Amino acid sequence: MEPSGEARNVLGGPLEPCGTDPMTGFTRDGSCRSGPADAGSHTVCAVVSAEFLELQRRLGNDLVTPRPEWDFPGLRPGDRWCVVAARWLQALEAGAPAGVVLASTNARALEVVPLEALRSQAVDVPDDPSSLGDQPPDR
């Protein structure tokens, strides 16, 4: 696994925690860190929607039913969860996307998902410093 201080997000900054209620992450540490053991690449910090959860269930990836043997509580709409990058992209293409927390999405997700696709569903849109220079100051 990537040491928490070394993991980067898709914006190039330090990887921020994704969620602790429920506790997410491949290693259940609240972060979308990844490594060789994470064959699925659980790297996208998603804010799951009812549509996303239903599509995943129909595809055989039930994210709603608790699975205590995997330390999995089951998800509800609005929960933050580190999802498999390819599954997130599949849901976007099917019209059932989940929101994305860019600061908490691992840069490794870019191996599967284009940054533009992640940005299209971003729920933590940072200020674009290049757009601020042309605006008059607030009065």
Side-chain angles (χ1 to χ4, degrees):
M1 283 312 229
E2 305 156 323
S4 58
E6 295 177 19
R8 309 301 289 172
N9 65 39
V10 295
L11 301 173
L15 185 64
E16 295 182 14
C18 179
T20 57
D21 185 21
M23 186 65 76
T24 191
F26 182 72
T27 61
R28 297 295 190 266
D29 66 354
S31 172
C32 295
R33 291 187 302 133
S34 187
D38 181 14
S41 186
H42 293 77
T43 52
V44 176
C45 180
V47 180
V48 299
S49 64
E51 297 81 11
F52 178 85
L53 293 170
E54 175 57 24
L55 174 65
Q56 295 304 308
R57 186 194 61 74
R58 286 196 323 261
L59 295 172
N61 184 28
D62 182 356
L63 297 174
V64 175
T65 303
R67 300 294 300 264
E69 67 273 22
W70 294 338
D71 195 25
F72 180 70
L75 302 179
R76 298 182 313 261
D79 284 344
R80 287 185 176 203
W81 196 252
C82 296
V83 300
V84 171
R87 292 273 190 178
W88 183 88
L89 183 59
Q90 182 181 33
L92 175 69
E93 292 171 346
V100 175
V101 182
L102 296 172
S104 302
T105 295
N106 194 308
R108 289 188 176 189
L110 299 174
E111 296 168 6
V112 178
V113 183
L115 181 57
E116 300 76 35
L118 294 167
R119 282 186 186 273
S120 77
Q121 301 303 313
V123 296
D124 65 329
V125 182
D127 288 335
D128 179 357
S130 66
S131 69
L132 299 178
D134 295 336
Q135 296 178 358
D138 289 335
R139 297 192 195 267

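Source: prediction; values computed, not measured. Quick note: residue numbers are just sequence positions, from 1.
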_From T24 atom OG1 to L75 atom CG, the distance as rounded to the nearest 0.5 Å_ = 7.5 Å
*Which atoms form the tightest heavy-atom contact between A85 and V113, and what is the distance?*
O-CG2, 3.5 Å
*asked:* Quick check for you: to the nearest 0.5 Å, what is the distance between Q90 atom CD and N61 atom CG?
replied: 9.0 Å
*Search all heavy atoms of L92 against all heavy atoms of A117 and return the closest pair with its distance.*
CD2-CB, 3.7 Å
*At what distance, to the nearest 0.5 angstrom, does CZ of R87 lie from CG of L59?*
6.0 Å
_Cysteine SG atoms at C45 and C32 closer than 2.5 Å_ = no
*Gap between atom OG of S34 and atom CG of L15 - 0.5 Å precision*: 10.0 Å
*Hydrophobic cluster partners of M23 (side-chain heavy atoms under 4.5 Å)*: none
*Have a look at V44 and tell me which of V83, N106, V112 forms a side-chain contact (heavy atoms from CB on, under 4.5 Å) with it.*
V83
*Counting heavy atoms not belonging to R76, are there more than 12 under 6.0 Å from its CZ?*
no
*Looking at OG1 of T65 and CZ of F72, how far apart are the two atoms once the value is rounded to the nearest 0.5 Å?*
8.0 Å
Donor-acceptor pairs are to be reported for all side-chain atoms of residues 46-55 against protein atoms at under 3.5 Å, with residues two or more places apart or in another chain.
{"from": "S49", "atom 1": "OG", "to": "E51", "atom 2": "OE1", "distance (Å)": "3.4"}
{"from": "S49", "atom 1": "OG", "to": "F52", "atom 2": "N", "distance (Å)": "3.0"}
{"from": "S49", "atom 1": "OG", "to": "P97", "atom 2": "O", "distance (Å)": "3.3"}
{"from": "E54", "atom 1": "OE1", "to": "R57", "atom 2": "NE", "distance (Å)": "3.1"}
{"from": "E54", "atom 1": "OE1", "to": "R57", "atom 2": "NH2", "distance (Å)": "3.4"}
{"from": "E54", "atom 1": "OE2", "to": "R57", "atom 2": "NH2", "distance (Å)": "2.5"}

*What heavy-atom pair brings N9 and A107 nearest, and what distance separates the two atoms?*
O-CB, 3.6 Å
*Considering all heavy atoms of both residues, which atom of H42 and which atom of V84 are nearest to each other, and what is their separation?*
NE2-CG2, 3.5 Å
*L102 versus A122, closest heavy-atom pair with distance*: CD1-CB, 3.6 Å
_Test item: S31 side-chain N/O and D29 main-chain N/O as donor-acceptor pair under 3.5 Å_ = no
*Measuring from D21:CG to R80:CZ, what's the distance to the nearest 0.5 Å?*
12.0 Å
